[in-house]
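Small disclaimer: the values here were computed from a predicted structure and weren't measured. FYI, side chains are in, hydrogens and waters are out, and symmetry mates aren't considered; it's all heavy atoms of this structure.
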Amino acid sequence: MYQAIHLSAECYPIAKTGGLGDVVGALPKYLNLAGIKTCVIMPRYNQKWHANNLTAPVFKGLLKGEHFTIDYFIKGAVDSDLGFDVFFVDIPELLFRENVYSYDDDAMRFNFFQQAALDWICTWKEKPEVLHCHDHHTGLIPFMVKHCYKFSSLNGVKTVFTIHNALYTGAFYWADSIYLPEFPYQSRGLLEWENVINPLACAIKCCNRLTTVSQGYLDELKFGSNPMQWLYNEFWEKSRGIVNGIDTAVWNPETDEYLDEKLSINWGDFKSKNKKAICDSVGIDPELPLVIFIGRLLNEKGGEILTQAVGQFVSQNKSMSFYVLGSGVAHLEDQLKHLTAIFGRNVANYIGYNEALAHKLYAAADFLIMPSLVEPCGLNQMYAMRYATIPIVRSVGGLKDTVVDFGDWEGYGIRFSNANAGDIIHSLYRAFELYHDKEKLNQVRERLIRLDFSWTKAVNHYIEIYKN
């Protein structure tokens, strides 16, 4: 019997667009290692993983209501080395598409994914103890388990809901409530927020325990300016912030399969050899401090102020180099390409996502910059520190929880407060000075490599919540 089931739209390495995929691809593995038998249920997409890995049919079911009839299939991964069992809800006409998100019918796609998953679990002789739901794509599950007649056999199963990014709520109009399983009329208020059905708000109201991926982010949701501030404060007693861990088996400089030069004896040689390889590949000077950005080029991630700051810095000072790996808003991609064309000896870019290049950049860089306007947890700063790369971060959410400024006692990063290009440039000059103070630089790197952001540590907090 599975004690805990994770339900998610993403799971690395099967399907990933951000940190959600990384967490669901690691947390179940470490729960299993800790003795909590765990699996993942997710949609089946038309992505590369399925072309290279076998799945086997497990179950065939039918979702039927007054206004819909949906055939679904459950398939299980065969001989996967993920560290946990994974099952796929296969609804070809709705889910088997090349992208995870960005379709006009996303609300209904994930609605039927959730219904199919619960419909299948209802057939199990032994029910799980916990359904762990991730983000709004699974936000209706706590409601369905408690209030939908069809799933009454799951009433005793507890639900944990984790918010990875509260900016996205999955809201849809009441007109589409005809595609939900039947529920008592008096329960309608649990689905509603501001006159629409809001899966995120619904999950906050209905789940047994609510977590966010850092305490700093939970505090911002409760006390910062956001439309659901009242809701987070109403349910504060069942809420907890838990900083994500990272998979230290995947992010290991000694064994990282993507690196040409692995860590053997000396951190200095490790950094310099990887840095030279990266810089030589794009024609930038390896003698200069190298600053990288890895992520989505979106305003919420600081993409706008980042391109402004890099442009202003390199136009006045050629003493640092920058390598940006990511994609996002078209005009930010264009600005980045323009900077690379003009300042090719100091600026390089890769538009898109490249897992191998990401690993190589963490190993090569001296600094990682994360100027996020919103950052629920952030994993990149933890990946970077694992490779002795110093994070430059805005003091927000999980970045504030995981990075201590090197000017403070036992600090190991660079923090700034304001979301503007001026604060970034000031931080870059601090990084420049630190880079050329070799004694201080080595001292900061020594602190970095002693840090423990592993899931082995973080998973105990989730086990405590499950047991409570």
Side-chain angles (χ1 to χ4, degrees), residues 18-19 22-23 164-165 212-221 224 241-248 251 253 267 271 289-296 300-303 305-306 309 320 322 326 358 361-363 365-420 423-435 437 440-455 457-458 461:
D22 284 320
V23 171
H164 299 260
N165 192 335
T212 62
V213 289
S214 71
Q215 184 61 44
Y217 189 51
L218 179 59
D219 292 341
E220 289 171 8
L221 293 175
I242 302 173
V243 171
N244 287 332
I246 63 172
D247 191 333
T248 53
W251 300 95
W267 273 100
K271 296 296 288 184
L290 175 62
V291 182
I292 62 170
F293 172 90
I294 299 174
R296 288 170 287 175
E300 70 181 83
K301 295 297 183 183
I305 57 175
L306 174 68
M320 298 185 87
F322 301 85
L361 286 172
Y362 286 124
D366 300 297
F367 302 94
L368 166 86
I369 188 160
M370 295 181 70
S372 305
L373 276 62
V374 177
E375 194 60 72
C377 177
L379 293 172
N380 290 5
Q381 79 278 16
M382 291 186 267
Y383 297 150
M385 290 187 279
R386 182 85 166 123
Y387 291 74
T389 295
I390 299 168
I392 305 171
V393 304
R394 183 165 172 260
S395 296
V396 63
L399 299 178
K400 183 171 57 178
D401 288 358
T402 54
V403 177
V404 179
D405 192 276
F406 79 90
D408 298 332
W409 175 252
E410 290 294 301
Y412 45 82
I414 296 174
R415 284 183 18 182
F416 62 95
S417 298
N418 299 309
N420 58 51
D423 263 30
I424 294 177
I425 292 171
H426 176 70
S427 298
L428 291 174
Y429 277 108
R430 290 187 68 204
F432 177 79
E433 291 176 2
L434 176 60
Y435 180 80
D437 183 344
K440 185 70 173 178
L441 179 68
N442 290 332
Q443 190 179 76
V444 170
R445 283 180 172 170
E446 284 293 325
R447 293 171 188 165
L448 283 181
I449 61 180
R450 292 199 300 266
L451 298 172
D452 180 10
F453 290 112
S454 68
W455 272 113
K457 179 180 178 181
H461 298 301

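Shown here for Pro391 and Gln381, the closest heavy-atom pair between the two residues is CB-CB, 4.1 Å. Residue Pro376 comes nearest to Ser214 through the heavy atom pair O-OG, 2.6 Å, listed as atom of the first residue, atom of the second, then distance. Ala384 approaches Leu368 most closely through the heavy-atom pair CB-CD2, 3.7 Å. Heavy atoms only, all atoms of each residue included: Pro371 and Ile424 are closest at CB-CD1, 3.7 Å. Heavy atoms only, all atoms of each residue included: Trp267 and Pro253 are closest at CH2-CG, 3.8 Å. When all heavy atoms of Asp405 and Ile414 are compared, the pair lying nearest together is OD2-CA, 3.5 Å.
Between Phe453 and Leu379 there is no side-chain heavy-atom pair separated by less than 4.5 Å. Side-chain contact between Leu451 and Thr402: absent, with no pair of heavy atoms (C-beta onward) separated by less than 4.5 Å. Proximity of Trp455 to Asn244: side-chain heavy atoms (C-beta onward) are separated by under 4.5 Å at one or more points.
Pairs passing the salt bridge (Lys or Arg N to Asp or Glu O under 4.0 Å) check and including a residue from residues 365-377, sequence neighbours excluded, read Lys275-Asp366, Lys301-Glu375, Asp366-Arg445.
Rounded to the nearest 0.5 Å, atoms CE (Met382) and CZ (Arg386) are 12.5 Å apart. Expressed to the nearest 0.5 Å, how far CG of Leu399 lies from CZ of Arg415 amounts to 9.0 Å. With values rounded to the nearest 0.5 angstrom, Met370 atom CE is found 10.5 Å from Ile292 atom CD1. Note: Thr389 OG1 to Leu448 CG = 8.0 Å, rounded to the nearest 0.5 Å. How far CG of Leu361 is from CD1 of Ile294: 5.0 Å, rounded to the nearest 0.5 Å. If you take CE on Met320 and CZ on Phe432, they are separated by 7.5 Å, rounding to the nearest 0.5 Å.
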Q. Under the salt bridge (charged side-chain N to carboxylate O under 4.0 Å, His left out) criterion, do Lys400 and Asp219 qualify, and how do the steps go?
A. CA-CA 11 Å; Lys400 183 171 57 178; Asp219 292 341; over 6 Å; no
Q: Report the C-alpha separation of Asn165 and Tyr217 in whole Å, then their side-chain angles, then the decisive distance to 0.1 Å, and conclude whether the side-chain contact (heavy atoms from CB on, under 4.5 Å) test is met.
A: CA-CA 9 Å; Asn165 192 335; Tyr217 189 51; 4.1 Å; yes
Q: Evaluate side-chain contact (heavy atoms from CB on, under 4.5 Å) for Tyr412 paired with Ile390, printing each intermediate quantity in order.
A: CA-CA 7 Å; Tyr412 45 82; Ile390 299 168; over 6 Å; no
Q: Using the side-chain contact (heavy atoms from CB on, under 4.5 Å) rule, take Phe293 and Asn380 through it: C-alpha gap first, then chi angles, then the decisive distance, then the call.
A: CA-CA 9 Å; Phe293 172 90; Asn380 290 5; over 6 Å; no
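A distance-only check finds a donor-acceptor pair linking the side chain of Asp452 to the backbone of Ser454 [under 3.5 Å]. The backbone N or O of Gly397 sits less than 3.5 Å from a side-chain atom of Glu220, completing a donor-acceptor pair.
The local environment of NZ in Lys440 is crowded, with over 12 non-hydrogen atoms from other residues, nucleotides or ligands closer than 6.0 Å.
Using the six-membered ring where Trp is involved, Tyr383 and Tyr362 have ring planes that are perpendicular, over 60° apart on the 30 and 60° scheme.
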